[in-house]
Amino acid sequence: MTSDADVFRRRVIAIVRRIPPGEVATYGDVADAAGYPRAARAVGNVMKSCSTPGVPCHRVVAAGGRLGGYGGNESLKRALLRAEGLAVTTKRITNFADRRWRNRRSSRP
DNA sequence: TAATTGACTTCGC
DNA sequence: GGCGAAGCCAATT
């Protein structure tokens, strides 16, 4: 059944899978790409339930270049992002602005 | 069915 | 610069 929630989850997963290596996207960006610019939290929930392999959840970070959660293992997330070619510090991504995956429908002034 | 939680975001103090 | 509160969406209990 294509429940709205299922579609949302499917959409989020599809979008996250579309994130190219070496780039990252924020929960808000993924939510926006999914059609719900305010569903950043919902994206987090979907990620937590992401039983779908091939989904680079570690490429999804919080806004402002912060790491976010990743199950609490932000150290692991930091290592993965660094392996992707990103400059990550203990709390945020240094070149986040340059590595941010542009997927938003409208550019923000 | 209703209420709570959660890997968020943003503004205010 | 750090902490707190409010707002939004979906999943879970």
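First the proteins, then the strands, lettered A, B, ... as listed; each starts at 1. Excluded from the calculations below are hydrogen atoms, water molecules and symmetry mates; all remaining heavy atoms, backbone and side chain alike, are included.
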Rounded to the Å, how far apart are [X] [atom1] and [N] [atom2]?
X	N	atom1	atom2	value
A/R66	C/dC3	CZ	P	13 Å
A/D29	B/dT9	CG	P	9 Å
A/F96	B/dC8	CZ	P	14 Å
A/R92	C/dG1	CZ	P	10 Å
A/D32	B/dT10	CG	C1'	16 Å
A/I13	B/dA7	CD1	P	17 Å

Residue met sooner reading DNA chain B from 5', once A/G64 and A/G69 are mapped to nucleotides: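 The 5'-side residue here is A/G69.
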Identify all pairs in which a protein N or O lies below 3.5 Å from an N or O of nucleotides 1-4 of chain B, and state each distance.
none

Looking at A/V60, A/V7, A/N45, A/V46, which hits side chain to side chain contact (heavy atoms under 4.5 Å, CB included) with A/V12?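 Answer after filtering A/V60, A/V7, A/N45, A/V46: A/V46.
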I need the single residue from A/I15, A/V16, A/T26 that forms a side chain to side chain contact (heavy atoms under 4.5 Å, CB included) with A/W101. Which is it?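 Going through the options one by one, the only one that passes is A/I15.
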Report the C-alpha separation of A/L81 and A/I93 in whole Å, then their side-chain angles, then the decisive distance to 0.1 Å, and conclude whether the side chain to side chain contact (heavy atoms under 4.5 Å, CB included) test is met. CA-CA 9 Å; A/L81 292 173; A/I93 302 169; 4.1 Å; yes
With ILVMFWY side chains joined below 4.5 Å, transitively, what does A/Y70's cluster contain besides itself?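 Cluster partners of A/Y70: A/L76, A/L80.
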Does a distance-only test, which skips hydrogens and angles, find a donor-acceptor pair under 3.5 Å between the side chain of A/Y27 and the base of B/dA7?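 Pair found.
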Assess whether salt bridge (charged side-chain N to carboxylate O under 4.0 Å, His left out) is satisfied between A/R59 and A/E84, documenting all intermediate values. CA-CA 9 Å; A/R59 286 183 197 153; A/E84 296 276 318; 3.1 Å; yes
Given the rule that I, L, V, M, F, W and Y join up when any side-chain heavy atoms are under 4.5 Å apart, are A/F8 and A/V30 in one cluster?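 Linked within one cluster.
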Among the clusters formed by ILVMFWY side chains lying less than 4.5 Å apart, do A/V88 and A/V61 turn up in the same one?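 Same hydrophobic cluster.
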Decide, yes or no, whether a salt bridge links A/D29 with A/R100 under the criterion of side-chain N to carboxylate O below 4.0 Å.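 Looking at A/R100 together with A/D29, the answer is yes, because their closest N to O distance falls below 4.0 Å.
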Using nucleotides 7-9 of chain C, report all nitrogen or oxygen pairs with the protein that are shorter than 3.5 Å.
unit_1, atom_1, unit_2, atom_2, d
C/dG7, O6, A/R41, NH1, 2.5
C/dG7, N1, A/R41, NH1, 3.1
C/dC8, N3, A/R41, NH1, 3.0
C/dC8, N4, A/R41, NH1, 2.9
C/dC9, O2, A/A42, N, 3.3

Over all heavy atoms of both residues, which pair between A/G54 and A/R17 is shortest? Give the atoms and the distance, please.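 Of all heavy-atom pairs spanning A/G54 and A/R17, the closest is O-CG, 3.5 Å.
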